[in-house]
2 protein chains.
Amino acid sequence: MEQKKTIKDVAELAGVSKSTVSRYLNHGYISLEKQERVRRAIEKTGFQSNFFARRLKTKESKLIGIVLPRMDSVTVGKLLAGIGRVLEPAGYQGILLVSQLSVSKELENIRNLQQQGVDGILVDSVGITREHIRLGRESALPILYTGQKHEGVHYVKLDDRAAGRMMGAYLRQMGHCRAVFAGVSERDTAVGIDRKQGFIEAFTEGRRNARVDFVETGFDFLSAYNQAEEVRRCQATVVVGATDNISLGILRYFHERGIKVPEEISVAGFGGYEVGAVVYPALTTVAFDYELVGMKAARYMLDLLQNKPVEECMDVPLFFVERESVRNLTKACEPEQPASMNGMT
Amino acid sequence: MEQKKTIKDVAELAGVSKSTVSRYLNHGYISLEKQERVRRAIEKTGFQSNFFARRLKTKESKLIGIVLPRMDSVTVGKLLAGIGRVLEPAGYQGILLVSQLSVSKELENIRNLQQQGVDGILVDSVGITREHIRLGRESALPILYTGQKHEGVHYVKLDDRAAGRMMGAYLRQMGHCRAVFAGVSERDTAVGIDRKQGFIEAFTEGRRNARVDFVETGFDFLSAYNQAEEVRRCQATVVVGATDNISLGILRYFHERGIKVPEEISVAGFGGYEVGAVVYPALTTVAFDYELVGMKAARYMLDLLQNKPVEECMDVPLFFVERESVRNLTKACEPEQPASMNGMT
DNA sequence: CTGTTAGCGCGTTCAG
DNA sequence: CTGAACGCGCTAACAG
């Protein structure tokens, strides 16, 4: 519980001036001899430079504000892991603020961060509004969005349309012609529109006999479960949930009614959460690498901070994870092998 | 992109001195008239006080360092949500550092935080070592641990022994006499020892015919899956996983071999993750409220920061979630109803 | 290469 | 109740 050591203490102990110590800490224009003396003085005192004093001068906080819609979600966790993985080696740390899925709270958080002296702000947004844009213009702080995109802002996002197309192409190839898309409101551009449109395109493109019905649900398991009856009525051969959670809710409903998946009806989803592998039957899905999104976003932010030419390559790979929940209609015989650990990880 | 406003700008615009503005911002010994003038000047300039300058003076950062073992986990997410829920209203923010499940990284993070000017440190630890204690002594910063406990440090933790006992008592009441406990290494005091011991106590206490076998696995789904054969050999009527993940791995194995749960063998777990409700059969489990742990920890930290008398009440409630995976051996007839939405949330 | 001198923006005495 | 003056700990500009 010693008195906090300052650069002055070190200077005195080393018999040099404060600026020499400061130089030692920074650009290091200093003779080898004094360098050694300072080094030892620092070691002896256990000195560490005062964060706030330094920041007050340099105007650099080495802090990145991170605004999250919520905390208790796997995808957010992955995203953060990715962000941390590139921010930390670069000497940056993150300050976390949570918006509780509210746009106004999100804006408040951004405003807050703008004055807290962070160097930049990463926002995993619930939706980019005009106010977001305004806030961005008013401050020199770089803001980078993930999850949503918008004209004139920096963002990193996975390609929802491509994900949709991927699924559409797969189901088509598996011989399906009638699908139900259990999706979310179109107010969500990424999931509600792009993902669905991509699917419909690839699934129906250039064939007359294909058809996609649409049932709207919320994002959560339960609301999907509650819409499952409606989904069932569509009489499709496959139901595609806009999210793994949605598919899981439907799967659960089918299971309770004794409807066999994939024998009687196929189910597929988007997200690639681990839980999809644990469930029976294991869920076929398009997996997103959220950790990679986080890493890309962080790298992008770092570039922004150094005014580097920002590379516009924002394609985050998608993985198709084929598991057990989709039936191949083109084969005469059913696959006989038991459920396997395929695509588990 | 205006020039950053300082307290000086406000003072000039309001026609008062800097100190008056400062007073307005803090203890407010200021006449109503000037109060109004300052208020408007602040509004006009959009002034917000400089974080670093203020901290440099007050020695209070209103920042809490949070050290996490990993980010991509549901429990950590819940914990954080809880922490945020009480820290934020108190005007504090969190700085997050991730230890990648490494003790040395965890220590490094703590050291780092100690010099970054945070007011306190919350550590969701992977294990408290002597070095942790030493670090704590060397600095005046309060450190509070969660997840693990240790003599002479502040901690908030759920009662693993009680959780174990809860499960033991339940299974006993359901008429089970032979159990396998699929647990983790005893190097983990909380999960590896306390939880198991609690279970064994309650399950066997005072009856000769009860028996508990032990099979060691890792924390993850897959390693449990790989030990499932071993578990099966024990010929017990019920298998208890130390973690829902472990139980899920075993469930999966049983499913693949066509072993019916709970008809042929029962399965139960600890944790209460949502995924346990989605799986078939839905997993009976002791649920922990990690969000509450987070809230308690944060509140405890706040008390520490204000030198309040710390209330030693650290009991975090446990919930027994009875679902479908345990068979009642005391009844002659099987329950006939289909799987239901019970205990879903 | 080095010490001296100024502030960064704010809070806080200390006279008035 | 208010303003002037000082200093938090550090970095940067300046002479030497």
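Letters go in sequence order (proteins before strands), and every chain restarts at 1. Atoms considered below: every heavy atom in the structure, side chains included; atoms not considered: hydrogens, waters and symmetry mates.
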*Kindly point out which of dT2(C), dT2(D), dC10(C) is positioned nearest to the side chain of Lys34(B)?*
dT2(D)
_Once ring pair (Phe, Tyr, Trp, His ring centres under 6.0 Å) is applied, do any residues pair with Phe51(A), and if so which ones, sequence neighbours excluded?_
none
For residues 76-88 of chain A, tabulate all N or O donor-acceptor pairs below 3.5 Å that involve a side-chain atom, not counting sequence neighbours.
residue  : atom : partner   : partner atom : Å
Lys78(A) : NZ   : Glu274(A) : OE2          : 3.2
Arg85(A) : NH1  : Glu291(A) : OE2          : 2.7
Glu88(A) : OE2  : Lys105(B) : NZ           : 2.5

*Of all the nucleotides listed (dG9(D), dG11(C), dG3(D)), which has the minimum atom distance to the side chain of Thr20(B)?*
dG3(D)
*Reading DNA chain C 5' to 3', what string of ( ), [ ], | and . shows its pairs, if Watson-Crick and G-U wobble pairs count only when both distances fall under 3.5 Å?*
|||..|||||||||||
*asked:* If you compare every side-chain N and O of Ser17(B) against the phosphate oxygens of dG3(D) (OP1, OP2), does one of them come in below 4.0 Å?
replied: yes
*Are OP1 or OP2 of dG9(D) and a side-chain N or O of Lys59(B) less than 4.0 angstrom apart?*
yes
*Could you list by number each residue of residues 36-48 of chain B showing a heavy-atom separation from DNA chain C of less than 4.0 Å, or answer none if no residue does?*
Phe47(B)
*Does a nitrogen or oxygen in the side chain of Asn26(A) sit under 4.0 Å from OP1 or OP2 of dT11(D)?*
yes
*Residue Thr6(A), side-chain heavy atoms: nucleotide from dG11(C), dC10(D), dC10(C) that is nearest*: dC10(D)
*Can you tell me how far P of dG3(C) sits from CD of Glu12(A), to the nearest Å?*
13 Å
*Using a cut-off of strictly less than 4.0 Å, decide whether Arg54(A) has a side-chain nitrogen or oxygen near OP1 or OP2 of dT11(D).*
yes
*Compare side-chain N and O positions of Ser31(A) against OP1 and OP2 of dT2(C) and report whether any pair is under 4.0 Å apart.*
yes
_Minimum-distance nucleotide (side-chain atoms of Ser19(B) versus dG3(D), dC10(D), dC10(C))_ = dG3(D)
_Residue that, paired with Ser125(A), satisfies side chain to side chain donor-acceptor pair (under 3.5 Å) out of Gln148(A), Glu106(A), Lys149(A), Lys157(A)_ = Glu106(A)
_Side chain of Lys57(A), heavy atoms from C-beta onward: which of dC10(D), dG7(D), dC1(C) has the nearest atom to it?_
dC10(D)
*Nearest-neighbour nucleotide for the Ser22(B) side chain, dG9(D), dT4(C), dG11(C) considered*: dG11(C)
*Decide yes or no on side-chain hydrogen bond (donor to acceptor under 3.5 Å, both in side chains) for Ser17(B) and Thr20(B), but give the supporting numbers first.*
CA-CA 5 Å; Ser17(B) 75; Thr20(B) 304; 3.1 Å; yes
_Assess the residue pair Tyr145(B) and His150(B) against the criterion (ring pair (Phe, Tyr, Trp, His ring centres under 6.0 Å)); give the C-alpha distance rounded to whole Å, side-chain angles, the decisive distance to 0.1 Å, and a yes or no._
CA-CA 9 Å; Tyr145(B) 291 92; His150(B) 198 288; 8.5 Å; no
Are any protein N/O atoms closer than 3.5 Å to N/O atoms in nucleotides 14-16 of chain C? If there are, list each pair with its distance.
none

*With sequence neighbours excluded, residues passing side-chain hydrogen bond (donor to acceptor under 3.5 Å, both in side chains) with Ser185(B)*: Arg187(B)
*Measure the distance from CG on Leu25(A) to P on dG9(D) and round it to the nearest whole Å.*
15 Å
